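Working notes, beginning with the structure itself.
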Amino acid sequence: MLQLSYIRENKEDVLKRLAIKNFKDAESIIDSILKLDDNRKLAQRQADDVKAEANGLAKQIGEMMKSGKKEEAETLKLKTTELKQHEKQFDDQLKAIEAEIQKLLVTVPNTPNLTVPKGKTPEDNEVVNEVGVIPVLHDKAVPHWELTTKFNLIDFELGVKLTGAGFPVYKGKGAKLQRALINYFLDKATSKGYNEVQVPILVNADSGYGTGQLPDKEGQMYHCQVDDLYLIPTAEVPITNMYRDVMLKESDLPIKNCGYTPCFRREAGSYGKDVRGLNRLHQFDKVEIVQITQPEKSYETLETMREFVCSLLQDLELPYRTLKLCGGDMSFGSALTYDLEVWSAAQQRWLEVSSVSNFETFQTNRLKCKYKDANGKTQFAHSLNGSALALPRIVASLLENNQTVDGIKIPKVLVPYTGFDFID
RNA sequence: GGAGAAAUGGCAGAGUGGUCGAUUGCGGCAGUCUUGAAAACUGUUGUACCGUGAGGUACCUGGGGUUCGAAUCCCUAUUUCUCCGCCA
């Protein structure tokens with residue numbers, strides 16, 4: 001959520017940036033917000049004045065009662081009854097305006113960084129680099145959904161029976177490979193100073209609002225209505241919300257957390273060949289990294305996070321490319337996002353495996369996560385997060401890229417974790 | 001799941017209808033003393049909003065109510081603790 005004072009002071013800049021994100025009706029919404037805020041100020045002043053008067057009278061009544069001037073007190077009481085009605089009226093008015101402002105404010109996306117490329121579709125994303133060698137497969141090479149069946153690694157049909165499409169059952173070496181990747185990712189993150197946390201995978205609505213999934217992505221999350229809890233779409237939600245309503249000290253920063261969780265996404269509206277096999281699932285595993293930093297350090301931090309994720313892909317010997325997302329392809333709350341995509345050799349396409357973003361104060365404003373700087377001034381911290389990494393598409397490209405006529409090679413770095421170096 | 005108790009500032013913990021944004025201690029910050037530090041002593045120390053300012057308003061877990069006036073009384077939600085039951 002943008003800060004109202006920031007919008008007021010930088011209206012032109014905000015509009016210019018929102019245009020990069022192709023946010024429709026930006027000007028009319030911003031104008032409505034500012035106008036409502038003017039009304040809010042007026043309403044508060046009226047409410048405060050009435051309350052001040054009532055408070056003063058109550059104090060007088062108290063003194064009169066004490067000194068035995070009962071009759072005078074009774075006359076004053078009559079006066080306050082009238083004031084009370086005004087008070088309620090102004091209060092209701094104020095509350096209504098505030099609710100209206102909030103309702104509009106949460107629909108405004110974060111302002112992108114000025115270096116974000118203009119554009120509307122994934123085709124407009126800027127390719128930052130391409131690393132690694134695209135493998136040339138043998139004649140009989142097949143996509144991963146055939147390999148997982150052939151080597152009995154994943155049973156998609158069984159998942160359909162247990163739950164539905166998009167909930168695969170991993171078996172044998174397939175299951176072990178999952179565990180190996182998770183452990184490898186966590187070990188590497190903790191070796192870089194990230195503190196490992198294990199968090200709930202169901203969160204309440206406050207947490208959903210805190211990181212911006214609500215109200216923007218309401219329909220994308222599984223919702224347990226009986227208890228009004230949401231299954232997390234990413235560990236970002238619980239991990240970042242650990243700092244909701246928290247006042248940090250500057251010496252606490254940067255905060256670096258990592259955590260493994262399953263992730264749940266309804267993916268309403270997705271279908272077709274792009275969702276085959278492991279390409280798009282309703283439940284998948286992911287290790288997430290989250291940082292909270294001082295504002296002036298967040299972009300530097302974003303780069304180190306991106307480099308960290310790249311190092312994982314290099315270790316896994318997967319060819320990848322880095323994209324700087326254009327305004328139209330960025331998420332609601334992000335100010336700058338890098339996507340990392342691995343090459344899927346049998347499908348002949350790039351698969352997104354990580355998204356690394358700087359949210360600046362967009363989340364911390366909602367979370368009310370502040371810190372005291374060296375001058376004793378409190379201000380919002382910046383929050384960042386990135387996938388490091390999401391498993392399914394990593395598995396897809398590992399299997400496809402490393403297939404030989406006899407079986408599948410496991411990258412060296414994973415062998416200590418899997419206990420095998422070949423699947424056949 | 002049943003019965004009871006509780007929720008106050010960064011922390012601990014007073015406060016049971018008016019003079020309470022809230023005693024006190026610890027912690028933090030500043031100063032005195034000291035070569036420096038510790039100890040001791042002195043002062044200071046919540047957040048948000050409105051107002052050019054003086055100042056005003058709100059907040060004692062959240063929400064509602066009673067009252068001229070609520071941290072204090074009532075209702076409700078949530079959480080915690082104790083006892084009982086159940087249980088990976």
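A note on names: the letters A, B, ... follow the listed sequences, proteins ahead of strands, and every chain is numbered from 1. Bear in mind the structure is a predicted one, so any value in this text is a computation, not a measurement.
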Response to the item:
Assign each of A/Lys88 and A/Thr80 the nucleotide of RNA chain B bearing its closest heavy atom; nearer the 5' end lies the nucleotide of A/Lys88

Worksheet, complete the sentence: The answer to which of A/Ala52 and A/Gln44 contacts RNA chain B further toward the 5' end, by nearest nucleotide, is A/Gln44

Discussion item. When both hydrogen-bonding distances must be under 3.5 Å and the geometry is Watson-Crick or G-U wobble, what is B/G62 paired with, if anything?
Written reply: B/U76

Fill in: Residue matched to B/G21 through Watson-Crick or wobble contacts both under 3.5 angstrom
none

Worksheet item: Looking at OH of A/Tyr230 and CG of A/Leu202, how far apart are the two atoms once the value is rounded to the nearest 0.5 Å?
Response: 12.0 Å

Using the [atom1] atoms only, state how far [M] lies from [N], rounded to an integer number of Å.
{"N": "B/G43", "M": "B/C26", "atom1": "P", "answer": "13 Å"}
{"N": "B/A38", "M": "B/C49", "atom1": "P", "answer": "36 Å"}
{"N": "B/A7", "M": "B/A88", "atom1": "P", "answer": "35 Å"}

Which part of the nucleic acid, if any, lies within contact of [X], taking any heavy atom under 4.0 Å across all strands shown: a base, the sugar-phosphate backbone alone, or nothing?
{"X": "A/Leu76", "answer": "nothing"}
{"X": "A/Lys370", "answer": "sugar-phosphate"}
{"X": "A/Lys95", "answer": "sugar-phosphate"}
{"X": "A/Asp49", "answer": "nothing"}

What's the closest nucleotide to the [X] side chain, out of [options]?
{"X": "A/Thr378", "options": "B/C50, B/A48, B/A58", "result": "B/A48"}
{"X": "A/Lys84", "options": "B/C49, B/U67, B/G56", "result": "B/U67"}
{"X": "A/Ile61", "options": "B/G69, B/G18, B/C50", "result": "B/G18"}

Between [X] ([atom1]) and [N] ([atom2]), how many Å, whole number?
{"X": "A/Asn365", "N": "B/A48", "atom1": "CG", "atom2": "C1'", "answer": "13 Å"}
{"X": "A/Arg45", "N": "B/A54", "atom1": "CZ", "atom2": "C1'", "answer": "14 Å"}
{"X": "A/Asp91", "N": "B/G56", "atom1": "CG", "atom2": "P", "answer": "18 Å"}
{"X": "A/Gln46", "N": "B/U57", "atom1": "CD", "atom2": "P", "answer": "16 Å"}
{"X": "A/Asn55", "N": "B/C20", "atom1": "CG", "atom2": "P", "answer": "15 Å"}
{"X": "A/Asp206", "N": "B/A77", "atom1": "CG", "atom2": "P", "answer": "18 Å"}
{"X": "A/Asp48", "N": "B/C49", "atom1": "CG", "atom2": "P", "answer": "13 Å"}
{"X": "A/Glu87", "N": "B/C68", "atom1": "CD", "atom2": "P", "answer": "13 Å"}

Practice prompt. Give a yes or no on this: more than 12 heavy atoms of other residues, nucleotides or ligands lie within 6.0 Å of atom NZ of A/Lys51.
Written response: yes

Practice prompt. May I ask you to decide whether A/Asp13 forms a salt bridge with A/Arg17, counting only side-chain N to carboxylate O separations under 4.0 Å?
Written response: yes

Discussion item. Can you see whether A/Phe308 has A/Lys192 sitting over its ring - NZ or CZ less than 6.0 Å from the centre and within 45° of the normal?
Written reply: no

Item to complete: Consider only side-chain N and O atoms of A/Arg276 and A/Asn279, and report whether a donor and an acceptor are under 3.5 Å apart.
Response: no

